[in-house]
There are 2 protein chains.
Amino acid sequence: MKVDKSLLAGSTTLLLLKLLEEKDMYGYQMIEELARRSNDTFTLKAGTLYPLLHQLEQQGMVNVYEAQAENQRVRKYYSLTSKGRGLLNEKEAEWKTFSSAVNQVLRGGASYGTAF
Amino acid sequence: MKVDKSLLAGSTTLLLLKLLEEKDMYGYQMIEELARRSNDTFTLKAGTLYPLLHQLEQQGMVNVYEAQAENQRVRKYYSLTSKGRGLLNEKEAEWKTFSSAVNQVLRGGASYGTAF
DNA sequence: ATATATATATAGAACATCGATATATGAGAG
DNA sequence: CTCTCATATATCGATGTTCTATATATATAT
């Protein structure tokens with residue numbers, strides 16, 4: 001099942017950083033991996049991914065290096081920096097807060113299990 | 001805790017329809033109710049809400065009527081139509097799919113609990 | 001030789017939210 | 001009585017995120 005693209009907004013960076021926390025990856029691989037893990041809920045487009053990766057690099061969240069695949073092809077691998085790890089932690093916390101809040105509204109209930 | 005606004009994208013319509021499923025409400029009330037239930041995670045802005053309500057009305061998802069408050073003040077109440085109820089069901093299903101998919105990626109795991 | 005999958009890149013369009021601003025009324029303070 | 005603040009609705013331009021379309025290049029399969 002595909003979901004409306006606007007739902008994806010904001011979660012894309014979180015997902016990419018999470019992938020890179022596990023191991024270095026190249027762009028095309030991230031697209032495939034996200035689709036695989038989500039049963040095709042996430043079909044991130046190349047036109048979205050590459051500019052985002054460049055931006056994360058400029059912000060010092062990831063590093064890039066080139067490496068040759070078995071078949072001679074040169075790929076651009078990305079690795080998470082410590083700063084990127086910090087952003088990942090922030091984004092994970094945000095996601096938990098956000099998804100809890102949505103579920104709370106959907107349950108139709110007032111606040112509970114929280115600060116008061 | 002506030003979350004990045006881009007996370008909200010796509011979920012706003014779901015949340016509004018959900019509120020209206022429970023009872024008719026006016027715009028200002030929806031803003032306050034969402035903030036209350038989410039412990040201020042959702043602080044929907046008037047500049048976002050009113051155009052969205054007008055759009056939902058044009059699409060036949062909600063009906064509008066004016067009603068006087070105890071204090072003479074005239075408010076615009078919104079009620080969910082059957083078409084709107086259909087959209088709400090769709091959006092709720094989308095949300096479940098989406099949030100499950102994110103959590104699956106965050107768990108770092110391959111797919112399970114799904115179609116294969 | 002040609003088509004298809006892999007791999008990266010950029011520009012312009014579409015869409016959702018926000019901030020700023022405007023208007024009007026009711027309630028409370030001084 | 002007047003001034004301010006909370007309530008209540010509305011619109012516009014700016015911003016940010018994703019998409020589609022397009023481009024390029026190499027490896028693989030037909």
S.K.: Please check the phosphate of C:dC18 (OP1 and OP2 only) for any side-chain N or O of B:T48 closer than 4.0 Å.
M.R.: yes

S.K.: Judged by each residue's nearest nucleotide on DNA chain C, which is more toward the 5′ side, A:S6 or A:Y78?
M.R.: A:Y78

S.K.: C:dG19 phosphate, OP1 or OP2: any side-chain N/O from B:K5 under 4.0 angstrom?
M.R.: no

S.K.: Rounded to the Å, how far apart are A:I31 CD1 and D:dT20 P?
M.R.: 12 Å

S.K.: Can you tell me if A:K45 touches the phosphate of D:dA21, counting only side-chain N or O atoms and a distance under 4.0 Å to OP1 or OP2?
M.R.: no

S.K.: Relative to each other, are the rings of A:Y26 and A:Y77 parallel, tilted or perpendicular (30° and 60° limits)?
M.R.: perpendicular

S.K.: Whole Å only: how far is the OH atom of A:Y28 from the C1' atom of D:dT26?
M.R.: 13 Å

S.K.: If I take atom CE in residue B:M25 and atom P in nucleotide D:dT7, what distance separates them, rounded to the nearest angstrom?
M.R.: 14 Å

S.K.: Contact class for A:R73 (heavy atom, under 4.0 Å): base, sugar-phosphate, or nothing?
M.R.: base

S.K.: From the options B:T97, B:V102, B:V105, select the one residue that forms a side-chain contact (heavy atoms from CB on, under 4.5 Å) with A:T41.
M.R.: B:T97

S.K.: Any side-chain N or O of B:H54 less than 4.0 Å from the OP1 or OP2 oxygen of D:dT9?
M.R.: no

S.K.: Would you indicate what B:L8 reaches in the nucleic acid, counting non-hydrogen atoms under 4.0 angstrom: base, sugar-phosphate, or nothing?
M.R.: sugar-phosphate

S.K.: Does a nitrogen or oxygen in the side chain of B:T12 sit under 4.0 Å from OP1 or OP2 of C:dT17?
M.R.: yes

S.K.: Rounded off to whole Å, could you give me the CG-to-C1' distance for the A:L7 and C:dA16 pair?
M.R.: 12 Å

S.K.: Check this one for me: any side-chain N or O of A:Y26 less than 4.0 Å away from OP1 or OP2 of C:dA7?
M.R.: yes

S.K.: What nucleic acid atoms does B:G27 come within less than 4.0 Å of, heavy atoms only: base, sugar-phosphate, or nothing?
M.R.: sugar-phosphate

S.K.: Which of these nucleotides, C:dT17, D:dC19, D:dA25, is closest to any side-chain atom of B:L52?
M.R.: C:dT17

S.K.: Output, in order, the C-alpha distance, side-chain angles, deciding distance and verdict of side chain to side chain contact (heavy atoms under 4.5 Å, CB included) for B:F98 and A:L8.
M.R.: CA-CA 8 Å; B:F98 169 69; A:L8 281 302; 3.9 Å; yes

S.K.: Counting side-chain heavy atoms from CB outward, which of D:dT17, D:dG16, D:dA10 is closest to A:A9?
M.R.: D:dT17

S.K.: Of all the choices, D:dA10, D:dT9, D:dC19, which nucleotide is nearest to the side chain of A:L44 once you look at every atom?
M.R.: D:dC19

S.K.: Got a donor-acceptor contact below 3.5 angstrom from the A:K18 side chain to the A:E92 backbone?
M.R.: no

S.K.: Given that both distances must come in under 3.5 Å, which nucleotide forms a Watson-Crick or G-U wobble pair with D:dT28?
M.R.: C:dA3

S.K.: Of B:S11 and A:G47, whose nearest nucleotide on DNA chain C comes first from the 5' end?
M.R.: A:G47

S.K.: Quick one: B:L14 CG to C:dA16 P, roughly how many Å, whole number?
M.R.: 14 Å

S.K.: Rounded to the Å, how far apart are A:K76 NZ and D:dT26 P?
M.R.: 14 Å

S.K.: Inspect the contact between A:K91 and A:E21 and indicate whether a charged nitrogen and a carboxylate oxygen are less than 4.0 angstrom apart.
M.R.: no

S.K.: A:E32 has an atom CD; how far is it from atom P of C:dA5, in whole Å?
M.R.: 12 Å

S.K.: So do B:K23 and B:Q29 actually touch side chain to side chain, heavy atoms under 4.5 Å?
M.R.: yes

S.K.: Considering only side-chain heavy atoms of B:R75, which listed nucleotide, C:dA7, D:dT9, C:dC18, is closest?
M.R.: D:dT9

S.K.: Rounded off to whole Å, could you give me the CG-to-C1' distance for the A:L49 and D:dT17 pair?
M.R.: 13 Å

